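Note that this is a predicted model, so its numbers are computed, not measured.
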2 protein chains.
Amino acid sequence: MTKNCNFIEKLREVGLRPTKQRIKICEVLYNREKTFHFTINDLVKMISEKMNEKISLATVYNTVHAFEKKGYLKEISIDSHKSYFDTNTSAHHHFFDEDTHELIDCDESDIDKINIRKNITGKKINSVEVLVRVASDNQTQK
Amino acid sequence: MTKNCNFIEKLREVGLRPTKQRIKICEVLYNREKTFHFTINDLVKMISEKMNEKISLATVYNTVHAFEKKGYLKEISIDSHKSYFDTNTSAHHHFFDEDTHELIDCDESDIDKINIRKNITGKKINSVEVLVRVASDNQTQK
DNA sequence: CAACAGTTTAGAATTATTATAATGTAGATT
DNA sequence: AATCTACATTATAATAATTCTAAACTGTTG
């Protein structure tokens, strides 16, 4: 169990003020064994239900985006009009379960390294993301 | 230049009533040399500007989704809270230019076939999409 | 051409997100 | 420790994308 003072230091290191709210969000996001995926809505629920603290929706948005900018979180685009975030910030790919809308990490060994042979002139590659959409066998394909 | 009666037949084939609005949308989307990418907003503009016809926003949404369900269009998720559609419905990958928000098709030869070694139990793979995010060399990475 | 199911429409409702402006607070300065 | 200041938080309003609704309309079938 990481202590709060570690979060305080961590936040300071990247130049974010360790406010009550940011520390609370750190606790919810990073005080756990495994990395996970969430939407802003999930996060708000976690904070307001599990820990009984009031936090403004705007603060959650601000903080999550601040964390993303600083590399604490990665945003994943799957569903138009819903943002998923991942506490696993390393380069990795995803399965998306279209039945349950669940996002599942790909093991590194599950997909070969993607080799891009040609790029757009004058541009650099920021990221290469693979999304494998899956659904029940009996389900009609989306 | 495909004639309208072809669109009528095409729509009938998949069980969509060939209404004025659907035919108009077909014209805008498919009466062209190359496939292309668009947002609902783009499409509404194209219809209302290029051709001077009134069409309800709701109809555009309905029709685009009907087309997608029937395999006339492919939806591409890139940006949370904006839906991109592609008139190229074959399996292919994309570059996304983060400077201009432009979506560019990958040539088939630009990326090796992706090999998924393991899947989620009881699920079938619906699609495998690669998204290569690019930006100007001088730009800070997102 | 009558009947009906599917479609379109304008506008209201919903959902996700961002902006605003007042209030609060962390951390530096005294 | 009191003060200062820039950054954060908050509640709420605004915006944007999308979906819903209920009434009017229109292909299609018989």
Side-chain angles (χ1 to χ4, degrees), chain A residues 4-5 7-28 37-48 51 53-70 72-73 75-85 101 142, chain B residues 4-5 7-28 37-48 51 53-70 72-73 75-85 101 142:
Chain A
N4 288 359
C5 62
F7 293 137
I8 295 176
E9 278 167 33
K10 207 177 167 184
L11 287 165
R12 275 220 188 86
E13 270 166 30
V14 293
L16 290 176
R17 274 195 196 167
T19 62
K20 272 203 303 280
Q21 293 80 352
R22 283 179 180 158
I23 293 162
K24 181 60 69 185
I25 290 176
C26 277
E27 282 174 37
V28 175
H37 307 108
F38 64 94
T39 64
I40 295 286
N41 213 287
D42 297 336
L43 188 52
V44 170
K45 270 187 197 153
M46 283 171 172
I47 293 168
S48 57
M51 357 221 91
E53 291 264 347
K54 282 167 207 156
I55 193 164
S56 164
L57 185 57
T59 300
V60 178
Y61 273 100
N62 289 343
T63 304
V64 165
H65 286 138
F67 281 10
E68 198 224 330
K69 205 172 287 173
K70 297 300 184 178
Y72 285 15
L73 291 174
E75 191 171 3
I76 298 155
S77 300
I78 287 169
D79 215 323
S80 336
H81 62 274
K82 217 180 225 178
S83 281
Y84 285 77
F85 291 88
H101 279 213
K142 201 214 156 176
Chain B
N4 288 359
C5 63
F7 294 136
I8 296 176
E9 278 166 31
K10 207 177 167 186
L11 288 165
R12 275 221 188 83
E13 271 165 31
V14 294
L16 290 176
R17 275 197 195 165
T19 62
K20 273 202 305 279
Q21 292 81 352
R22 283 179 180 157
I23 293 161
K24 181 60 69 187
I25 291 176
C26 278
E27 283 174 36
V28 176
H37 307 108
F38 64 94
T39 63
I40 295 286
N41 213 287
D42 297 336
L43 187 51
V44 171
K45 270 186 200 155
M46 283 173 173
I47 293 169
S48 58
M51 357 221 92
E53 292 263 347
K54 281 167 207 157
I55 194 165
S56 163
L57 186 57
T59 301
V60 179
Y61 274 100
N62 289 344
T63 305
V64 165
H65 286 138
F67 282 9
E68 197 223 330
K69 207 172 285 172
K70 296 301 183 177
Y72 285 15
L73 290 174
E75 191 172 4
I76 299 157
S77 299
I78 287 169
D79 214 323
S80 335
H81 61 272
K82 217 180 228 176
S83 281
Y84 286 76
F85 291 89
H101 279 213
K142 199 210 158 180

Side chains of [X] and [Y], heavy atoms from C-beta outward: is any pair under 4.5 Å?
X        : Y       : answer
A:Leu57  : A:Ile40 : yes
B:His101 : B:Tyr84 : yes
A:Ile55  : A:Thr63 : no

Whole angstrom is fine here: how far is it from [atom1] in [X] over to [atom2] in [N]?
X       : N      : atom1 : atom2 : value
A:Leu11 : D:dA8  : CG    : P     : 11 Å
A:Lys24 : D:dT9  : NZ    : P     : 14 Å
B:Lys70 : C:dG6  : NZ    : C1'   : 13 Å
A:Phe67 : D:dA8  : CZ    : P     : 11 Å
A:Glu13 : C:dG27 : CD    : P     : 14 Å
A:Asn41 : C:dT18 : CG    : P     : 14 Å
B:Arg12 : C:dT7  : CZ    : C1'   : 15 Å
B:Leu16 : C:dA5  : CG    : P     : 18 Å

Between B:Arg22 (side chain) and B:Arg17 (backbone), is there a donor-acceptor pair under 3.5 Å?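 The answer is yes, because a donor-acceptor pair under 3.5 Å joins these two groups.
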Approximate separation, where rounding is to 0.5 Å, of [X] [atom1] and [Y] [atom2]:
X       : Y       : atom1 : atom2 : result
B:Ser56 : B:Tyr61 : OG    : OH    : 11.0 Å
B:His37 : B:Ile76 : NE2   : CD1   : 4.5 Å
B:His65 : B:Glu68 : NE2   : CD    : 6.0 Å
B:Ile8  : B:Thr19 : CD1   : OG1   : 10.0 Å
A:Thr59 : A:Lys20 : OG1   : NZ    : 11.0 Å

Is it the case that the side chains of B:Thr39 and B:Asp42 hold a donor-acceptor pair, with the cut-off being a distance below 3.5 Å and no angle test? yes
Terminal axes of the helix from C:dC1-D:dG30 to C:dT30-D:dA1 (five pairs each): angle between them, nearest 10 degrees: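 End axes: 20° apart.
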Short N/O separations, protein against nucleotides 21-23 of chain C, under 3.5 angstrom:
none

Please check the phosphate of [N] (OP1 and OP2 only) for any side-chain N or O of [X] closer than 4.0 Å.
X       : N      : answer
A:Tyr61 : C:dT18 : no
B:Ser83 : D:dT18 : yes
B:His65 : D:dT18 : no

Classify every nucleotide of nucleotides 8-15 of chain C by which part a protein heavy atom approaches to under 4.0 Å, writing B for the base, S for the sugar-phosphate alone and - for neither, in 5'-to-3' order. BBB-----
Among B:Tyr72, B:Phe85, B:Phe7, which one satisfies ring pair (Phe, Tyr, Trp, His ring centres under 6.0 Å) with B:Phe67?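 That would be B:Tyr72; it is the only one of B:Tyr72, B:Phe85, B:Phe7 passing the ring pair (Phe, Tyr, Trp, His ring centres under 6.0 Å) with B:Phe67.
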